[in-house]
Amino acid sequence: MKQLLTLLFAFTITLSVSAQEKILKVLAIGNSFSEDGIENYLYDLAKADGQQIIIGNMYIGGASIQLHVKNSREDKASYSYRKVGLDGKKITTKDVSISQAIADEDWDYISLQQASPFSGQHAVIMKDLPELIRYVTSLKKPHTKLVYHQTWAYQQDSDHKGFANYDNSQEKMYAAIVNATKKINKMNDFDMVVPAGTAIQNARTSSQGDTYTRDGYHLELNFGRFTAACTWYEKLFGKDVRKNTYKPEQVTDKQAKIAKNAAHKAVKKPFRISKVKI
C-alpha cells in the first residue's frame, strides 16, 4: 500500500509539472490589427498567471485575406514574421512565407482575419477565406486549431477611406462585423472566434468613451491594445481575465478595470454590446 501511494504521488507530481510546462503557441496570419491584438501585453498577461506562451504574427500592413491567398499560391516570402518567445522578447524576421512560419513551431492555434475595410463584408470575406483555410489546413499539424479574429469598428470620426463601406458609421460597421463573424463562427473550420471587436465596442460604453484608437482605426497603444490582449487571453486560456493581476505601467487602474471587464463581457457575449459601467 505504501509503495502504491508513493507511485500515485509521483504520478500526480509528474502530471502537475507537465501541466505547468505546457507552452501555448499561437500564430496570426494577419496585419496591423493582429499586431494590435497579440504582439503587446498578451505575453505579460500569460506570464502573470504562470502560463507560458509563444506568439507569432505574420505581418503585412493592411493585408486582406485575398492577399494572403495570393501569397500562399506563390509561396511568397513577403511577410515580417514577428515572434515573441518564452523570454518575452520579440524577434522580427523579414521575408518569410506562410509555409515557413507554420513549419516554425508546433502551433496550437492559427488565427485568420480580414483587412479592416472588408471586415464586415461577409461576401467579400468568403470569396477567399475557404481557399486560405484549405491552404493552412494542408500545412498545419492535426491538433492545430483555427481561430477567427473579430476586429473592431473604426472610431466615429475616422477618416479611413474604408469607413465609406459602412456609411462612415461606427454603429453600422460594428453591426456588419458581428453579422459576418456570426456566420463564420458557424463554420466547422474554426474552433473559436476571438471577439476583440466586441470588447472594444464594450469599452467604448465606459467613461473612457470613443478613445480606443490612435488614428481612427488602429488601437490606442496602451489601454486600447490592452483591451484586445485581455480578450485574447481569456479566450485562449479560458480564464477570467478580471482575476489576472497584470496591468501595463502606462495604463491607469481604472483603464485596466474597464479593459478587463470589456473583454470578459465580450467573451461571454461575443456578438452583442455589453455596457461597462466604470
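Note that this is a predicted model, so its numbers are computed, not measured.
For the pair Ile273 and Asn202, the minimum side-chain heavy-atom distance is below 4.5 Å. Taking 4.5 Å as the limit, some side-chain heavy atom of Ile125 sits within range of a side-chain heavy atom of Ile184. In this structure the side chain of Asp215 reaches within 4.5 angstrom of the side chain of Tyr217, judged on heavy atoms. The side-chain heavy atoms of Gln113 and Ile65, taken from C-beta on, include no pair separated by under 4.5 Å. Residues Gln100 and Asp104 are not in side-chain contact: their nearest non-hydrogen atoms beyond the backbone lie 4.5 Å or more apart. Residues Tyr135 and Ser99 form a side-chain contact, since some pair of their non-hydrogen atoms from C-beta on lies under 4.5 Å apart. Lys268 is not listed as a side-chain neighbour of Ser274, based on a closest heavy-atom distance of 4.5 Å or more. Counting heavy atoms from C-beta on, the side chains of Asp95 and Tyr81 never come closer than 4.5 Å.
In this model, a donor atom of one side chain and an acceptor atom of the other lie less than 3.5 Å apart for Gln170 and Gln201. A side-chain N or O of Tyr154 and one of Ser116 form a donor-acceptor pair less than 3.5 Å apart. Side-chain contact check for Asn57 and Tyr79: no donor-acceptor pair (N or O, by modelled atom type) lies under 3.5 Å. Between the side chains of Thr213 and Glu220, no donor-acceptor pair is found at a separation under 3.5 Å. Checking Ser32 against His218 by side-chain atom types alone, a donor-acceptor pair falls below 3.5 Å.
With values rounded to the nearest 0.5 angstrom, Lys172 atom NZ is found 14.5 Å from Asn179 atom CG. Atom SG of residue Cys230 and atom NZ of residue Lys235 lie 15.0 Å apart, to the nearest 0.5 angstrom. To the nearest 0.5 Å, atoms NZ (Lys127) and NE2 (His122) are separated by 13.0 Å. The CD1 atom of Ile55 lies 12.0 Å from the CD atom of Glu105; values are rounded to the nearest 0.5 Å. The structure places CD1 of Ile110 at 12.0 Å from CD1 of Ile133, a figure rounded to the nearest 0.5 Å. Interatomic distance, CD of Gln208 versus CG of Asp210, reported as 10.5 Å (0.5 Å rounding).
In terms of modelled atom types and a separation under 3.5 Å, the side chain of Lys247 and the main chain of Val251 share a donor-acceptor contact. At least one donor-acceptor pair under 3.5 Å links the side chain of Asn261 to the backbone N or O of Lys257. Asn31 places no side-chain N or O within 3.5 Å of a backbone atom of Gly62 that could act as its donor or acceptor partner. Checking side-chain atoms of Thr137 against main-chain N and O of Arg134 turns up no donor-acceptor pair under 3.5 Å. The backbone N or O of Pro270 lies less than 3.5 Å from a partner atom in the side chain of Thr198, making a donor-acceptor pair. Looking at Asn244, its side chain does come within 3.5 Å of a backbone N or O of Leu45 through a donor-acceptor pair. Ser206 contributes a side-chain N or O that, together with a main-chain N or O of Ala203, makes up a donor-acceptor pair within less than 3.5 Å. Judged purely by atom type and a 3.5 angstrom limit, Trp107 uses its side chain to pair as donor or acceptor with the backbone of Ala101. Counting only distance, with no hydrogens or angles, the side chain of Thr144 and the backbone of Lys140 share no donor-acceptor pair below 3.5 Å. One N or O on the side chain of Ser207 and one on the backbone of Ile278 form a donor-acceptor pair closer than 3.5 Å.
Side-chain heavy atoms closer than 4.5 Å link hydrophobic residues (I, L, V, M, F, W, Y) into clusters, and following such links, possibly through other members, connects Val193 to Phe190. Residues Phe118 and Ile60 do not share a hydrophobic cluster, clusters being chains of Ile/Leu/Val/Met/Phe/Trp/Tyr side chains in contact below 4.5 Å. Note on Val69 and Val96: same hydrophobic cluster, where clusters join Ile, Leu, Val, Met, Phe, Trp and Tyr whose side-chain heavy atoms are under 4.5 Å apart, directly or indirectly. Note: the hydrophobic cluster containing Ile54 also contains Val136 (ILVMFWY, side chain heavy atoms under 4.5 Å, direct or indirect links). Hydrophobic cluster membership is shared by Tyr148 and Met126, with clusters built from Ile, Leu, Val, Met, Phe, Trp and Tyr side chains linked at under 4.5 angstrom.
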message: Let's go through Ile102 and Ile98 carefully: what are the C-alpha distance in whole Å and the side-chain angles of both, what is the deciding distance for side chain to side chain contact (heavy atoms under 4.5 Å, CB included) to 0.1 Å, and is it a yes or a no?
response: CA-CA 6 Å; Ile102 292 176; Ile98 294 174; 3.7 Å; yes

message: Please evaluate residues Leu24 and Leu236 with respect to the criterion side chain to side chain contact (heavy atoms under 4.5 Å, CB included), reporting the C-alpha separation (whole Å), side-chain torsions for both, the decisive distance (0.1 Å), and the verdict.
response: CA-CA 9 Å; Leu24 191 144; Leu236 290 175; 4.3 Å; yes

query: Is there a side chain to side chain contact (heavy atoms under 4.5 Å, CB included) between Gln255 and Phe226 once you walk through the steps?
result: CA-CA 9 Å; Gln255 289 168 343; Phe226 185 57; over 6 Å; no

- prompt: Step by step, would you call Asp108 with Lys25 a salt bridge (charged side-chain N to carboxylate O under 4.0 Å, His left out)?
  reply: CA-CA 5 Å; Asp108 294 294; Lys25 301 178 181 181; over 6 Å; no

task: Could you go through the salt bridge (charged side-chain N to carboxylate O under 4.0 Å, His left out) check for Asp36 and Arg214 one step at a time?
output: CA-CA 11 Å; Asp36 278 348; Arg214 60 187 186 270; 3.3 Å; yes

query: Run the side chain to side chain contact (heavy atoms under 4.5 Å, CB included) check on Asn185 and Met192 step by step: do they pass?
result: CA-CA 7 Å; Asn185 190 48; Met192 69 173 78; over 6 Å; no

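For Thr227 against Ala199, the heavy-atom pair with the smallest separation is CG2-O, 4.0 Å. The two residues Ser64 and Ala115 have their closest heavy-atom pair at CA-CB, 3.7 Å. Nearest heavy-atom pair, Gly37 versus Trp232, reported as atom, atom and distance to 0.1 Å: O-CD1, 3.6 Å. Between Tyr212 and Gln155, the shortest heavy-atom distance links the atoms N-OE1, 4.1 Å. Annotation for Tyr41 and Tyr246: closest pair CD2-OH, 3.5 Å, computed over non-hydrogen atoms. Scanning all heavy atoms of the two residues, the minimum distance from Ala180 to Ser119 falls at CB-O, 3.9 Å.
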Ignoring hydrogens and angles, write down the donor-acceptor pairs under 3.5 Å from the side chains of residues 84-91, residues two or more places apart or on other chains.
| unit_1 | atom_1 | unit_2 | atom_2 | d |
| --- | --- | --- | --- | --- |
| Asp87 | OD1 | Lys89 | N | 3.0 |
| Lys90 | NZ | Glu39 | OE1 | 2.8 |

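Ion pairing between Lys260 and Glu234 fails under the 4.0 Å rule for side-chain N and carboxylate O. Salt-bridge annotation for Lys239 and Asp49: present, with a side-chain N of the basic residue lying under 4.0 Å from a carboxylate O of the acidic one. Arg82 has a carboxylate O that lies under 4.0 Å from a charged side-chain N of Glu35, or vice versa, which qualifies the two as a salt bridge.
Between Trp152 and Phe33, the ring planes are parallel. Angles under 30° get that label, and only those over 60° would be called perpendicular.
Within 6.0 Å of the CD atom in Gln66, the count of heavy atoms belonging to other residues, nucleotides or ligands does not exceed 12.
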